[in-house]
Structures are given as C-alpha cells and as structure tokens.
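Just so it is clear: chains get the letters A, B, ... in the order the sequence lines come, proteins before strands, and each one is counted from 1. Please read these numbers as outputs of a predicted model, since none were measured by experiment.
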Amino acid sequence: MANINTGAQDRTFDAIVIGSGISGGWAAKEFTEKGLKTLVLERGRDVKHLKDYPTTNMYPWEFKHRGQIPEAIKEEAPVVSRCYAFKEDAMHFFVKDKEHPYEQDKPFDWIRGYQVGGKSLLWARQTQRWSDYDFEGPARDGFAVDWPIRYADIAPWYSYVEKFVGISGNKDGLDNLPDGEFLPAMEMTAVEKYFQGFVSKNYKDRNVIYGRCAHLSEPQPIHIEQGRVKCQKRNLCQRGCPFGGYFSSNSSTLPWAEKTGNLTLRPDAVVHSIIYDEQKGKATGVRVVDAKTKETTEYYARVIFVNAAAINSNLILLNSTSSRFPQGLGNDSGVLGKYFAFHNYRATIYADYDGFMDVTTEGRRPTSAYIPRFRNVKKQETDFLRGYAAGFDTGRRKWNSQDGVGTSLKDQLFNEEMGNWYVGSHMMGETIPKEISQLTLDKAKKDEWGMPVIHINLGYDDNDEKMIKDFHEQMTEMYTKAGFTNIRTGDSKQAPGLDIHEMGGARMGKDPKTSVLNKWNQMHDVKNVFVTDGACMTSTSTQNPSLTYMALTARAVDYAVGQMKRGDL
Amino acid sequence: MLVNRRTALKQVLVVSAGLALLPSCLRKTTPASITLKNIAVDGEGENMLALLADTLIPTTSTPGAKDVKAHLFALTMVDDCFKKDDQQKWLTGMKAFSALSEKNNGKSFGDSTPEARKTLLELLEKSKPEDGEAAYFYHATKRLIVQGYTNSEYYLTKVQVYELVPGRFYGSVPVKPAGRKTA
Ligand SMILES: Cc1cc2nc3c(=O)[nH]c(=O)nc-3n(C[C@H](O)[C@H](O)[C@H](O)COP(=O)(O)OP(=O)(O)OC[C@H]3O[C@@H](n4cnc5c(N)ncnc54)[C@H](O)[C@@H]3O)c2cc1C
Ligand code: SF4
C-alpha cells in the first residue's frame, strides 16, 4: 500500500512506469536491467505467477457451470460477457462493467484486465511483425499522418523482444510479413497444409502460413532462466500457465525485473495524473490514489512511461492538466484523444471439407494458421483503403449423437462419431483513424477514485463496410476454388472494442503540430514522458498489435536511458 | 402426412398442467438437496429429475446420469444460467411433464414402471421443443443431463479421457478404427 508518511525521498525513483501489462512489463524489465530504480504503478491487485492462477489445474467437471457464465453476471456485465474469453475459468481476470463505468457515445465494448500483468494473462498470443507496407500506409494512402519510423527502425527491436518472449513460427520469406526470431512452429493440419499449397499455387501474393505466436515450442536458455518451460499444449492459457508456456508479464518480464533488485511494484495504485513542473519544463512525477483507501500519494522520477493500455493512457494524459497544458499533458497540438482506431473483426466465413477423411488431428494446439494481408499491399486495387488479414483454423468434426433414450442413447455417448473437416476464418481489418474518432473526458462525472469518466466515440465507416464485403467475396472465392463446401459467411455486427486492439489518441508523428509523440515515443512537448502502448499508434494495420508495443517499448527505454546518461533527460 | 403426424403428436402432448397435480398444500414437501436461488423445485421435483436422468442414461454395468448427479447439474444450470423467462417456461414444462405422465400412464412419473417412463420419454423424443410445455421441458432437460453426464468426472476419466496436459499436437494422424465401447 502506498504510504503517505514516507518522505519524498522514499517516493523518488529513476523511472516510473504506469501499468504492468504487456508494454509496462517490458518497460520495467528494460529500466531495471539497465540499473535504474524503477517504480511500476498498477491500479489492480497483485497476481503472482503460479501462485495466483486459481483455476489453472481444474478439470472441466470442477467448474460449477462447466465454463458457462451465470445469467446474473451476464445481466450485470453485458459488455465483458460479449468477450469470447470471458468464461468461468478466467472471469476473475476481467473488469466487470459496473466496477469501472465509461460512456459510449456509440456502442464500444471496452474489455479490460486490471491487475498485475494486465491483459497479458488473457491475450491470444498472436504475434506478427509489421512491414514497411504497414508503416508507409498513411503516407501512401493519405490518411492520419506519416509514421516517423520505418521497418528498419524497429526490426532489431522486434528481434530483441522476440528472443526473450519466445515466438513459435516459420520463416516464410514474405515481404509483407517479415520473418522474426522463431522457435519451431507447431504443426499445421492436413487441411491447412492443403489450403496453403492451393493458395500459393493459384494466387500470386496470397499466402497461408502458420500464425506466429508467443509460445515456447522449444525453450532456449533465456527462457529457462526466466523459469519457463516448454508449452504443453493445454490450450488453457487464459487461466495463467503453470509452465510459463506462453508469454505474460507475470511469467516473464516482471519476475525478471524483480530479480535485478531495482523494481518496486505497487499494486492497487491508481495513477490519477502526471505532475508537470512549469519552472523545470518537465514532468516531475505522478499523483496516485490508493485503490482501497483512496489516499493520495505523489511519486517522483526523472522519466515517466505511460503504459496503462491505450484508453487509460489517454485518460491519464487528458486528466493531467496544468496552466501550461490546460487541454491535457503534451497536448499543444490538440490531437490528444483523437484519431482513435481499432481492428474490424466483424466478418467470418465457415465451411466444410470432405477431403482427408483418412486422417485427423491429435492433442491440442493453442494457435492456428494465418492469412497475411493481400489486399492493396503493393498498390491500391480496390475501392476501399487498406486491407485485412485473417485467421485460418481447421479441424476434424467429432461428436456423439444425442438422439434416443435409454441404453441406445448411452451407447452413442460412449462411441464418438467422426465427420468431415470444418474450416473457418475471421477477418482482422485495418480501420482508418479519423479526427472524429475521439476519447474525451466528462469532467462533471468522476469515478470512485476521482478520475473523470471517459467518453468513447468510435464507429464503423463506409470503408469498413466495403472491406467486410470484399473479405466475404474473396474468401468465398478462395474457399470455393479449394473445394470447400457449405460455405457460410457471417457478420457479427459486433461493436468496436471487442477486437481488444484499440489504438491511437497520442499518435507518433514527425510534426509536433499534428502528433503527440516523436519517433522515440517521447512527447514532443514534455521530453521526459513516453507513451509506448497502443495509444502511440499512428495507424493500426492488420497485425495483432502487442508485439509492436513491446518492440517500441524496449526501443524507447533504450533511447530514454541514453538521454539520461547524457544528461539530456 | 408428416404435418398430420406432427399435429397429432402435439395433441397427444397437450395437457393441462394445473389439473393433474394435487394442490401442493395437501402434500408434504421436502426441500431439494441443493440450494436453489431462482427456481422453486422441491425434493419431489428433484427425485423426478433423478428418475428422468436415469431413464435417459441408465445405470448399466457402467454408471448412468443419476449416478454422476447429472440431474443436479441440470437443476444448477436452470437456476443459474437460464434467463428468467426460460426458467418459468421450464418450471411450467416440468408440471406439464408430470401431468402428461398422469394422463398417459395414470401415474406420476415416479410411480410409473421403468417401461412406462421410457415410453413417455420416447414419445417426447419425437417432439420438437416448440411443440408444447412438456416438450420444451424435456428437450431442455435432456440437453443439460447429457451435458452433465459427458462432462462428469466419470465420463472424462473413463469413457473419453480428458487430458489436462496433452503435451502434443499432431496435425495429421491416421484415423484408427475405434473399437466400440460398451456403455
Ligand atoms: C481475449 C484477448 C485476446 C487477445 N489476443 C491478442 C493477440 O492474439 N495478439 C495481440 O497482439 N494482442 C491480443 N490482445 C490484446 C493485448 O492483450 C493487448 O494489446 C495488450 O495487453 C496491451 O498491452 P498494454 O500494456 O497496453 O495493456 P494491458 O496489458 O492491458 O496493461 C495495462 C495495465 O495498466 C493498468 N492501468 C490502467 N489504468 C491505470 C491507472 N490509471 N493507473 C495504474 N495502472 C493502470 C491496468 O490495470 C493494466 O494492468 C488480446 C486481448 C484479450 C483480452
Ligand atoms: S497451451 Fe501452452 S501456454 Fe497455454 S496453458 Fe498450455 S502449456 Fe500453457
């Protein structure tokens, strides 16, 4: 618990990191390894690796509702209940709607994990690199602003984090999805391999690959040193993994940071705002409200990293007002909170396949195959901007007939039948950040911790609708030609947010007049504050974003520490 | 033809739930063995569900649905995971189901012979959930009992073994002709 009685000296650190999730964990690891006394402030409770995974070793029959969420909880928390991973085995790692209200100017499903480790405990662990086709998107297609970095700037940092995280993947040699530092891939199914061959033979520039994911398929010494061992393919990752088989802050970066002796981790510490000192012309620390006692404490440091996840990072910055920055910290440009965006996950396509009836799969696999973006990659070819990637997953249908009564029913329940293969894809579409897509504060309405309630105003546009149509058309054609049958397209119409890839609001850019952060994720206007989570993203591209947050974080810490050593910070 | 058969079946299933039951004040009720928050089901109702479970998936040389308490799982699910409307429909259906037994067998479900119980379920098996109150109750309950049975410790350790830690994934293995398991 934060102690207000200690002197300012005891509350002074070299670096403060706000948030202990995927990006904050990386900031903590990098700072502490480089010898800086680092304070990590986390609004949620502590979750210790292994110790605090209460459901991790439970069998299906040990769950009272066999995984299902009781109706009373669904009624009280409709937003989080729409997340596919919000089940009986992991619901304790999610924020329930009522605990932390927000305003939706348009429907927005905000999925949050407030605890040490943040959403790193819950993520689906898909980790694809960006390429220059992604970084050059806004400049080429004339939206948002140009990214201040290119692939070459971040490539070594992708490698750096991948080696530590442990990424299972194949070297595919694709220029639109660069290869990384990979541990061996897990297997693709017979049907996935067939479709892979079919697509590469019949389509120029379209590919089906094994989805790169943060699993230790073959742990290296650096992973063993973290106390993690080989992924046992339980596919129960959202419970927290007793093997450390997948990457989370809890299993990897935070314990690593702790071992250096330089880490102070404060759970239950709600960062209210960043303190700006006009005389010094920089931020001096943060104001923290104790989540339980509501006591306020100030902590000080030379450098502050904001890693509260995209929306909360915007909230903290917008709430950090002073006479120098009446519109929010570092917001001379006026774009803070604007140009917010997400990934379009609405469209799906399912089908059957009657080939390969003599083979099946065995065991479980915590990942799937992946179709990198193929639309508008090298040049504009459709009437919508940008494009989409897709997951691709297949399996053999197995079921027990449930017809009948008595011994005949029982007999069927004892004897599984095998059907044909199912195949399925979901789209992951790039959306265009727009000025009207905004996060704003309702100053009149405060939450329990004295934080203004955030307004989220974000919706689909015509570009998104066209992209959904194109996904359905292109995938239907590919599925049909490949001989898949019973093709069913779907549009979930789900609200933005359920993709859990919200990004922007404090975007990076070259020009301080139109962006909040420079190419080092450093605030143009407040040099000792860095934002390296989703809030920094200038555009969204189609890849699952967390790997990029990690690489940007490690890169930004390296830069910040260099500046500190030179006395510039 | 088919339409006529369905209409005929629906007529068979129609009962007046209120009439066939004794007024509850005349009966001594015992509470159910588990605490229920939202639905009123007493010990008698629980016993009927246990018999229903046992008729659906009987005890043979191997445990049946009642042995693994699949009926209690069904009760828990209706109590916790059904919407309010569906809970009411299910309770009404439960009464209609009792009444149907009285009408067809001249006896409560519990007092009927095992054969008569099975015949009643076989009749309902031909229905669709939307064919009436008893039909809704039967199909909803059957689904839960099958779920409870196939997710029970017995089933997942002895029939289709659930591996908490498989440690492997193979994308393509030959389909082995499986020997039939005796239920
Ligand atoms: C079910 C699911 C599946 C996903 N799948 C993928 C995937 O396959 N690939 C991928 O790349 N991404 C995936 N994601 C998204 C991924 O989890 C996030 O991108 C990632 O966790 C973001 O990292 P972060 O550090 O920005 O935020 P988080 O990991 O959310 O951490 C933020 C932390 O900050 C804390 N915090 C917030 N406000 C404050 C405050 N005021 N003061 C102090 N602390 C605060 C929070 O409590 C939290 O612990 C998935 C997410 C979910 C939920
Ligand atoms: S699939 Fe791997 S990482 Fe996930 S729970 Fe299992 S062992 Fe852990």
Side-chain angles (χ1 to χ4, degrees), chain A residues 56-75 186-193 230-236 242-243 356-367 394 396 398 400 402-418, chain B residues 37-38 55-60 62 64-65 68 73 76-77 79-84 86-87 114 117-125 142-143 146-157 159-160 162-176 178-183:
Chain A
T56 191
N57 285 319
M58 282 170 68
Y59 282 91
W61 61 85
E62 294 177 296
F63 291 97
K64 192 173 174 197
H65 308 96
R66 303 295 188 267
Q68 207 170 311
I69 299 289
E71 197 53 31
I73 297 178
K74 275 195 203 167
E75 255 169 41
M186 293 178 230
E187 288 188 19
M188 303 220 303
T189 71
V191 174
E192 284 156 9
K193 283 188 189 151
K230 188 170 174 160
C231 167
Q232 298 298 314
K233 306 186 173 70
R234 299 169 5 122
N235 200 13
L236 300 172
F243 304 98
F356 298 102
M357 293 295 272
D358 54 339
V359 292
T360 182
T361 63
E362 196 194 304
R364 288 200 295 272
R365 183 182 59 173
T367 182
T394 69
R396 192 80 195 263
K398 293 170 191 170
N400 294 88
Q402 308 200 347
D403 294 338
V405 171
T407 47
S408 68
L409 171 61
K410 193 175 180 188
D411 186 63
Q412 291 167 147
L413 296 180
F414 271 55
N415 292 287
E416 195 177 62
E417 290 174 52
M418 201 174 274
Chain B
K37 293 185 285 281
N38 300 305
T55 313
L56 269 177
I57 306 169
T59 312
T60 53
T62 57
V68 304
F73 169 73
T76 303
M77 291 300 280
D79 194 43
D80 289 342
C81 297
F82 271 35
K83 293 200 162 54
K84 290 250 160 344
D86 292 332
Q87 284 169 343
R117 281 184 215 135
K118 193 171 174 214
T119 309
L120 186 72
L121 297 198
E122 278 165 349
L123 175 74
L124 285 159
E125 184 70 19
K142 179 179 177 186
R143 184 173 55 75
V146 169
Q147 188 190 0
Y149 186 69
T150 54
N151 282 283
S152 65
E153 179 169 4
Y154 165 73
Y155 186 89
L156 291 175
T157 54
V159 183
Q160 248 170 53
Y162 173 83
E163 294 174 294
L164 191 60
V165 183
R168 65 183 185 290
F169 176 79
Y170 304 121
S172 180
V173 294
V175 174
K176 285 183 232 103
R180 275 197 91 73
K181 293 176 191 150
T182 340

Shortest non-hydrogen separation from [X] to [Y] and the atoms involved:
| X | Y | value |
| --- | --- | --- |
| V159(B) | L413(A) | CG1-O, 4.3 Å |
| K233(A) | R168(B) | CD-C, 3.5 Å |
| C81(B) | P70(A) | SG-CA, 3.8 Å |

Using atom types as modelled and distance alone, determine if a side-chain donor or acceptor of E187(A) lies under 3.5 Å from a backbone N or O of G171(B).
yes
What part of [X] is in contact with chain B, defined as an atom under 4.5 angstrom from a non-hydrogen atom: side chain, backbone, both or neither?
| X | answer |
| --- | --- |
| I69(A) | backbone |
| M418(A) | side chain |
| F356(A) | neither |
| M188(A) | backbone |
| N57(A) | both |
| L409(A) | side chain |

Find the one option among [options] whose heavy-atom pairs under 4.5 Å with chain B are most numerous.
| options | answer |
| --- | --- |
| D358(A), T189(A), N235(A), N415(A) | N415(A) |
| R396(A), E362(A), Q402(A) | E362(A) |
| P366(A), G363(A), S408(A) | G363(A) |
| R234(A), E192(A), Q412(A) | R234(A) |

Region of [X] that comes under 4.5 Å of a non-hydrogen atom in chain A:
| X | answer |
| --- | --- |
| F82(B) | backbone |
| Q160(B) | side chain |
| E125(B) | side chain |
| T62(B) | both |
| T59(B) | backbone |
| V165(B) | both |

Distance to the ring centre below 6.0 angstrom and angle to the axis at most 45 degrees; does that hold for R66(A) and F73(B)?
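Because its charged atom sits under 6.0 Å from the ring centre and within 45° of the axis, R66(A) does stack over F73(B).
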Less than 3.5 Å apart, any donor N or O on the side chain of T60(B) or K410(A) sitting next to an acceptor on the other?
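On atom types as modelled, these side chains qualify, holding a pair under 3.5 Å.
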Using the rule given for side chain to side chain contact (heavy atoms under 4.5 Å, CB included), can you reason through L236(A) versus L164(B), listing the C-alpha separation, both sets of side-chain angles and the distance that settles it, and then say yes or no?
CA-CA 9 Å; L236(A) 300 172; L164(B) 191 60; 3.7 Å; yes
Check this for me, if you would: do D411(A) and K181(B) make a salt bridge, where the nitrogen-to-carboxylate-oxygen distance has to be below 4.0 angstrom?
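Salt bridge absent between D411(A) and K181(B).
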In terms of the angle between their ring planes, are F414(A) and Y155(B) parallel, tilted or perpendicular, with boundaries placed at 30° and 60°?
perpendicular
Flag side-chain contact, heavy atom, 4.5 Å: F169(B) against T367(A):
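Contact flag for F169(B)/T367(A) side chains = no.
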With the side chain counted from C-beta on, respond yes when L156(B) and W61(A) share a heavy-atom pair under 4.5 Å apart, and no when they do not.
yes
Report the residue from H65(A), E71(A), K64(A) that forms a side chain to side chain contact (heavy atoms under 4.5 Å, CB included) with M77(B).
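Among the candidates, only H65(A) passes.
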Checking side chain to side chain contact (heavy atoms under 4.5 Å, CB included) for the pair Y170(B)/T361(A): CA distance, chi angles, key distance, verdict?
CA-CA 5 Å; Y170(B) 304 121; T361(A) 63; over 6 Å; no
Looking at R143(B), E122(B), K142(B), which one has more heavy-atom pairs under 4.5 Å with chain A than the rest?
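So the answer, after comparing R143(B), E122(B), K142(B), is K142(B).
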Between chain A and each of N151(B), T182(B), I57(B), count heavy-atom pairs under 4.5 Å; write down the option with the most.
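Greatest number of close heavy-atom pairs with chain A: N151(B).
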Which is it for V359(A) and V173(B) under the side chain to side chain contact (heavy atoms under 4.5 Å, CB included) test, yes or no, and what are the steps along the way?
CA-CA 5 Å; V359(A) 292; V173(B) 294; over 6 Å; no
